[in-house]
Amino acid sequence: MNWKIAEAKQRFSELIHAVTKEPQLIYNRNELVAVVVEAGMFEEFLAWRKQGENISLADVFKELRQIAVEEDYILEVPSRQDRLNPFADAIDDFSL
């Protein structure tokens, strides 16, 4: 259910009971300003967020390599070629 702030204040007890069925959205002048959820759902969110904070770039690449192995995918990387770099060329001109 959607609530206006004033309505949520007046019917706070009802708002809290409604949370057991679904998250309750609170609006101020047609703009979503808050969501009231069950404590368990919030705890799940915190655990999910904490898990994401602990993932390093190395972990992501390890997972990506594992997916590539499972999918029998080979990334073809073309050989490196020198290319023009106007910035580097401009620096070379100043050092003359």
Side-chain angles (χ1 to χ4, degrees):
M1 178 175 177
N2 297 341
W3 301 79
K4 294 180 182 174
I5 290 178
E7 182 184 18
K9 286 180 187 179
Q10 292 172 354
R11 299 169 52 194
F12 185 72
S13 180
E14 186 179 335
L15 174 114
I16 296 302
H17 289 296
V19 166
T20 61
K21 296 177 185 153
E22 64 182 352
Q24 301 299 299
L25 310 176
I26 301 175
Y27 287 85
N28 183 24
R29 298 183 183 146
N30 295 323
E31 181 179 336
L32 182 63
V33 294
V35 178
V36 181
V37 297
E38 286 184 292
M41 182 182 288
F42 183 66
E43 289 171 357
E44 287 177 20
F45 165 76
L46 290 177
W48 170 81
R49 189 172 75 176
K50 184 172 177 124
Q51 178 186 7
E53 291 173 355
N54 296 334
I55 296 175
S56 69
L57 186 57
D59 294 333
V60 172
F61 279 120
K62 182 178 178 181
E63 183 179 349
L64 184 58
R65 281 192 296 275
Q66 183 61 36
I67 292 170
V69 167
E70 291 170 3
E71 298 291 325
D72 195 29
Y73 180 81
I74 298 172
L75 178 64
E76 295 183 26
V77 180
S79 60
R80 186 177 173 117
Q81 300 175 2
D82 288 334
R83 59 182 186 266
L84 297 176
N85 185 339
F87 181 74
D89 294 340
I91 291 174
D92 289 339
D93 291 342
F94 285 115
S95 62
L96 295 175

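- Cluster membership check: F87 does not share its hydrophobic cluster with L84, using side-chain heavy-atom separations under 4.5 Å among Ile, Leu, Val, Met, Phe, Trp and Tyr.
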Determine, step by step, whether D59 and S56 satisfy the side-chain contact (heavy atoms from CB on, under 4.5 Å) criterion, reporting the C-alpha distance in whole Å, the side-chain angles of both residues, the deciding distance to 0.1 Å, and the verdict. CA-CA 5 Å; D59 294 333; S56 69; 3.2 Å; yes
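- One finds the NZ atom of K4 at 13.5 Å from the CD1 atom of I26 (value rounded to the nearest 0.5 Å).
- Hydrophobic clustering (side-chain heavy atoms under 4.5 Å, transitive across Ile, Leu, Val, Met, Phe, Trp, Tyr) groups M1 together with I5.
- If you take CG on L25 and CG on L15, they are separated by 10.0 Å, rounding to the nearest 0.5 Å.
- Judged as a side-chain hydrogen bond (donor to acceptor under 3.5 Å, both in side chains), not a single pair has a partner in residues 36-52 (not counting sequence neighbours).
- Hydrophobic clustering (side-chain heavy atoms under 4.5 Å, transitive across Ile, Leu, Val, Met, Phe, Trp, Tyr) groups L32 together with V37.
- We find the CD-CZ distance between Q66 and F61 to be 15.5 Å, quoted to the nearest 0.5 Å.
- No single ILVMFWY cluster, assembled from side-chain heavy atoms under 4.5 Å apart, contains both V19 and L46.
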Notebook entry, point to check: Going through the checks in order, is the side-chain contact (heavy atoms from CB on, under 4.5 Å) test met by Y73 and L75?
Noted result: CA-CA 7 Å; Y73 180 81; L75 178 64; 3.9 Å; yes
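- In terms of the salt bridge (Lys or Arg N to Asp or Glu O under 4.0 Å) criterion, residue partners of R11 (sequence neighbours excluded) are, by chain and number, E7, E14.
- Hydrophobic clustering (side-chain heavy atoms under 4.5 Å, transitive across Ile, Leu, Val, Met, Phe, Trp, Tyr) keeps I55 apart from F45.
- Identified under the side-chain hydrogen bond (donor to acceptor under 3.5 Å, both in side chains) test for residues 20-34, with sequence neighbours left out: W3-Q24.
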